[in-house]
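Below you'll find the structure, written out as structure tokens, and then a few comments.
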Amino acid sequence: MTVEAACPLTARDYKSDYKPVWCPGCGDFSVLLAITKALAEVGRPPEEVAVVSGIGCSSRVPAYTNCYGFHGVHGRALPLATGLKLTRPDLLVLAAGGDGDGYSIGGNHFMHACRRNVDLTYVVMDNQVYGMTKGQPSPTTSPEWDSALVPGGTGLRPFHPLVIALAAGANFVARSFSGDPNGTAELIVEAIRHPGFSLIEVLSPCVTFRPEEREWAKQVHPAPVEPTDDRGRAARRVLTDDGFNIGVLYRGRRRPYQPPFGQAQVEVAEFEAEFLP
Amino acid sequence: MNPPKAAIADRAELLAYAYAMENEAAERYQDLADQMFACNNDDVAELFARLAAIEAKHAKELVEVHGASPAPMAPGAYRWDSLESPENLPFAEMHYLMVPHQALQLALAAERRALLFYRDIAEQTDSDDIRALASEFAAEEAEHVRIVEEWLERYPPADNGWDEDMDPPMSH
Amino acid sequence: MAEARQTEGRDTLTVAMIGSGGSGVMTAAEILIRAAARAGYYGLMTKSFGPQIRGGEAAAFVVLSTAPVEAPSDRVDLLFAIDWQNAGRFAGELPLDADSLVVSGQVDAELPSIVTDAAPRIAEVDLKSLTRSHKGTRPNMVALGVTAALAGLPRAAVATLIDERLAGKGEAAMQQGTAAIDLGYEEAAAMTGVDGLTAAGDDGERWIISGNQAAGFGALRGGVRFAAAYPITPATEILEWLAPRLQKAGGLLMQAEDELASINMIIGGSFGGAAVLTATSGPGLALMSESIGLAVAAEIPILVIDVMRGGPSTGIPTKSEQSDLNIAVHGLHGDAPHIVTAPMSIADCLFTAQWSTHLAESMQVPVIMLSDQSFGQALGVVEKPADVAFATRRLLAEEPAEDYLRYALTANGVSPMALPGTAGGQYTADGLEHSQSGLPSSMAADHNEQLEKRLHKVTAFDYGDHWARVEGGGDAAIVTWGSATGPVREALRRLDPGGERVRLIAIRLLSPAQPRQLAEALAGCERIMVVEQSQGAQFFGHLKAQFDLPAGADLFSRPGPQPFRPAEITAMLEEWLS
Ligand SMILES: Cc1ncc(C[n+]2csc(CCOP(=O)(O)OP(=O)(O)O)c2C)c(N)n1
Ligand code: SF4
């Protein structure tokens, strides 16, 4: 066993024994693998990592890792992760969830997390559907997609998370595909290392409610251009691409938001003086 | 995604690739077995578990017999022909109602990819040492291919409508 | 130099100052109460405004007394109007009568009917010409001088405060400031009609503090170092008081994008090990309720301070009401045991916030503290509150064993919590029902076990005497809570100064209910009256349902926005007791 003792951590060390309940074929299995691979590569011990999520199939990720986890309420992963990171800057904090969780019910937090630029990595498993509640359209679903809840489709223009992230101030924006766990892991590693708020939008098929998304494997391709640090240019590119460009799209230079925490300059008792008349 | 073969520089690198491939395959088969157990497809689950054991043994031998290092390279350091290491069954190919025959066909394809991977290296390298090792590994994969082919014969192909489910999906 | 007139004197004096368009009544009134505090008096200052953001009509009410002041008073002894614009809006808040003295800062002004109807004594001060002939003096400072003089406050107490305030603006400003005060004292010398205060006793240190400051300070003392919140009246002052002080104390206040974010931010901070709070009012509490349930399920200690205002919906943001009790106690989904506390005075906001933090941390549970606008935005001169040192400590798993279970069943229901960073303690906090390990489970056994554990930890806890304030004796009892307590105590002081006829039970721990303690406190009582400020008698319903309030108890309840005045309670009790 001496060989192993000397070994750095592997993806397996970041995985718990708790077995996923996802449908076989679901993209989220690969994303979980990518996350654990990325954490192994970054090398922080599991107890120094916290994985925070909301509710949804994809939000089940925390308990499948061997890190500290928080499986909170629907849509609120980012504020919870923000509160944790602000008070525990020593931790590596990763937020994860779905497109419904992050862009619909949690949409306001998504914008403000980008804008606040706390050093968080946010992995969104976008399957363009609400998986957990049996297949309703999400903000990224195409307008004509027919479902029981919205017969004939929403008729609404899908939400563009990457452009919104860029406009709101995210410091790192990338797109990846679940079928490429190594590539996704690489992007997550880079996102973790990049200071500030990083968004990785992972195209992650829901094979149960969107079986046609299995075709994504044939549609994705590496982004034909280098990442940019120009927000406007990045936004134009993602607005005009086919939605299947994979890779880092934007690397910003904003300083992360991390006000000091934990260094007291005064004793609380000193505030008593101000109540003297 | 460039072919890595020509890039294999030395024995250590070949061992690193080999270990990554076998180890990932072992872990993947185990994950797939777990998935199938979770949705009560025990037949397929058991097949995957057996395949996991075979691959794990192979990975172990790489370390113990050949001195491969179990330390992984960075996820981006590997350059496979495919999105994942060749011997991995993609998660995306799974279906909870799949029958053993389908599972074994996927496994067969994976083992063949592994065989090809080593064979290509053996054919393309200039190094006798690498060629010898790669050929040895190719032979082992050929054996795996043979095992899977043999298993395949025991199971009938899927019927029409194999993926039909009378019940709606659960919501949570 | 004119000094305050020394007369027979009175124990309590109520002053109102009104004015519009930035006339500076609030500043003047604040200096008045502070000067009185320095001279050894107790006091209470409340405010009322028009809806305008700037330039609207404003009124400050200041009660000064030789004894602790617990309630707004029944009448106004002295009203100083810098001007009379739109003064009619304060009808109902300005109880004048024939014994009141009204000083008009304008000569020959047309007085509004709220004044003329009461037929008080009238005096005039020509603020306009006085300030014109004394360069640099301001009308509100002259008004302050007049008011302080009539109240019998020593001139020096006021002048020193003016000097301190204006020190930054240079010598000339300080001189003009004191000159204005002197003008006021001279004008007052000629006035009659209101007796000043008798000399204050010398019975210890005074603090001047608002309920919101007190709540913030109590939480700081309790160990809170992280806050996240979204601004809302009347809770914002807690946040604005805390923000710079948390920074100095090594903490942080984060302005969140909404209440959904603020509650989740503090849950995240607490998961990481910080003692945390958010402060809000009814609408914000409603938004937070889902996530408070999460903190119950995941056993995350948090403090939520709700400074209640008139509801429902946007309601009356600047007025008080005790109408969030139902949502605080019953507003969570599922069976979600949590703690609800309420302070019963401005000073008690400090104690209750500190105690609430202690309860949250000790039991790893959310605590909702129900303060209200009448505490939060009022400024009190109080006896210096005692520093109660609770041994507040969260039970941590510092060296988790191999078989560590985050939600292990323990004798008192509280399980050691592993903080991120602790090797071997990794677990996932979850709003899904879970087994002892924290892993999701929908098994009946786990659900029952964990429900029972979470209930047990809050019901088995020893709350000591803090659950209520119980005083007096006799066979009648008043049961009340929160800001209704002050007016009730004042009424009882009048009706039953010896405390022999009527008991007072003011409940600080609203949930979990303490029926046994209430029964003990009520032992031997034949008549019970419940006093509260809500339309729906929420407290009464809660007492009946949860505290086993004996049948036949009477109720006195009405909604805001007007605060209870002691006379209203006194009249009610007189009739009830007869
Ligand atoms: C407040 C609230 N509203 C609704 C739900 C029900 N709900 C659970 S998951 C979900 C949508 C999940 O979709 P998404 O985030 O895209 O995740 P996926 O399941 O597709 O991975 C909804 C609506 C909930 N849990 N909480
Ligand atoms: S329903 Fe869709 S998203 Fe959910 S586990 Fe199944 S495939 Fe994945």
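Residue numbers begin at 1 in each chain, while the letters A, B, ... track the order of the sequences.
Here C:Ala423 is the residue among C:Gly431, C:Ala423, C:Gly251 with the most heavy-atom pairs under 4.5 Å with chain A. Ranked by heavy-atom pairs under 4.5 Å with chain C, the first of A:Asp90, A:Leu80, A:Thr87 is A:Leu80. Note on A:Val268, A:Val21, A:Leu276: by heavy-atom pairs under 4.5 Å with chain C, the leading option is A:Val268. For the set A:Glu267, A:His109, A:Met111, the count of heavy-atom pairs under 4.5 angstrom toward chain C peaks at A:His109. The greatest number of non-hydrogen atom pairs below 4.5 Å with chain A, out of C:Asp387, C:Leu260, C:Val381, C:Val276, is found for C:Leu260. The choice from A:Ala50, A:Gly72, A:Pro45 that makes the most heavy-atom pairs within less than 4.5 Å of chain C is A:Gly72. For the set A:Arg76, A:Glu48, A:Gln263, A:Gln265, the entry with the most heavy-atom pairs within less than 4.5 Å of chain C is A:Arg76. In terms of heavy-atom pairs under 4.5 angstrom with chain A, the leader among C:Ala429, C:Gly421, C:Ser262 is C:Ala429.
Looking only at atom types and distance, the side chain of C:Ser435 has no donor-acceptor partner in the side chain of C:Asp446 under 3.5 Å away. A donor-acceptor pair shorter than 3.5 Å cannot be found between the side chains of C:Trp207 and C:Gln213. Checking A:Asn127 against A:Ser204 by side-chain atom types alone, no donor-acceptor pair falls below 3.5 Å. Under the 3.5 Å distance criterion, with hydrogens and angles disregarded, a donor-acceptor pair is assigned to the side chains of A:Ser104 and A:Tyr130.
The contact between A:Leu91 and chain C is made entirely by side chain atoms (from C-beta outward), counting heavy-atom distances below 4.5 Å. Looking at A:Glu272, both its backbone and its side chain come within 4.5 Å of chain C, counting heavy atoms on both sides. Within the 4.5 angstrom heavy-atom criterion, only side-chain atoms of A:Arg88, from C-beta onward, approach chain C. Looking at A:Arg60, the atoms closer than 4.5 Å to chain C (heavy atoms on both sides) all sit in the side chain, from C-beta outward. Using a 4.5 Å cut-off between heavy atoms, C:Ile266 does not touch chain A at all. Only the side chain of C:Phe217 comes within less than 4.5 Å of a heavy atom in chain A; its backbone stays farther off. The part of C:Gln247 that comes within reach of chain A is its backbone (N, CA, C, O), which places non-hydrogen atoms under 4.5 angstrom from that chain. The part of C:Ala298 that comes within reach of chain A is its side chain, from C-beta onward, which places non-hydrogen atoms under 4.5 angstrom from that chain. Heavy-atom distances place both the backbone and the side chain of A:Phe70 under 4.5 Å from chain C. Contacts of A:Tyr257 with chain C are made by side-chain atoms alone, with heavy-atom separations under 4.5 Å and no backbone atom involved. Interface remark: A:Ala63 contributes backbone and side-chain atoms alike to the contact with chain C (heavy atom separation under 4.5 Å). A:Arg115 does not touch chain C: none of its heavy atoms, backbone or side chain, sits under 4.5 Å away. Both the backbone and the side chain of C:Pro440 come within less than 4.5 Å of a heavy atom in chain A.
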- Message: Run the side chain to side chain contact (heavy atoms under 4.5 Å, CB included) test on A:Leu78 and A:Phe197 for me, step by step, so that the C-alpha distance in whole Å, both residues' side-chain angles and the decisive distance to 0.1 Å come before the verdict.
- Response: CA-CA 10 Å; A:Leu78 287 175; A:Phe197 184 82; 3.8 Å; yes
- Task: Verify side-chain hydrogen bond (donor to acceptor under 3.5 Å, both in side chains) between A:Asn66 and A:Asp13, making sure each step is shown before the conclusion.
- Result: CA-CA 7 Å; A:Asn66 190 26; A:Asp13 296 311; over 6 Å; no
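Interatomic distance, CG of C:Leu277 versus CZ of C:Arg225, reported as 11.0 Å (0.5 Å rounding).
Of all residues spanning residues 29-39 of chain C, those with a heavy atom less than 4.5 Å away from chain A's heavy atoms are C:Arg34, C:Ala37, C:Arg38, arranged by number.
Using a 4.0 Å cut-off between charged nitrogen and carboxylate oxygen, C:Glu240 and C:Arg245 do not count as a salt-bridge pair.
A donor-acceptor distance shorter than 3.5 angstrom exists from the side chain of A:His74 to the backbone of A:Ile55, with no hydrogens or angles considered.
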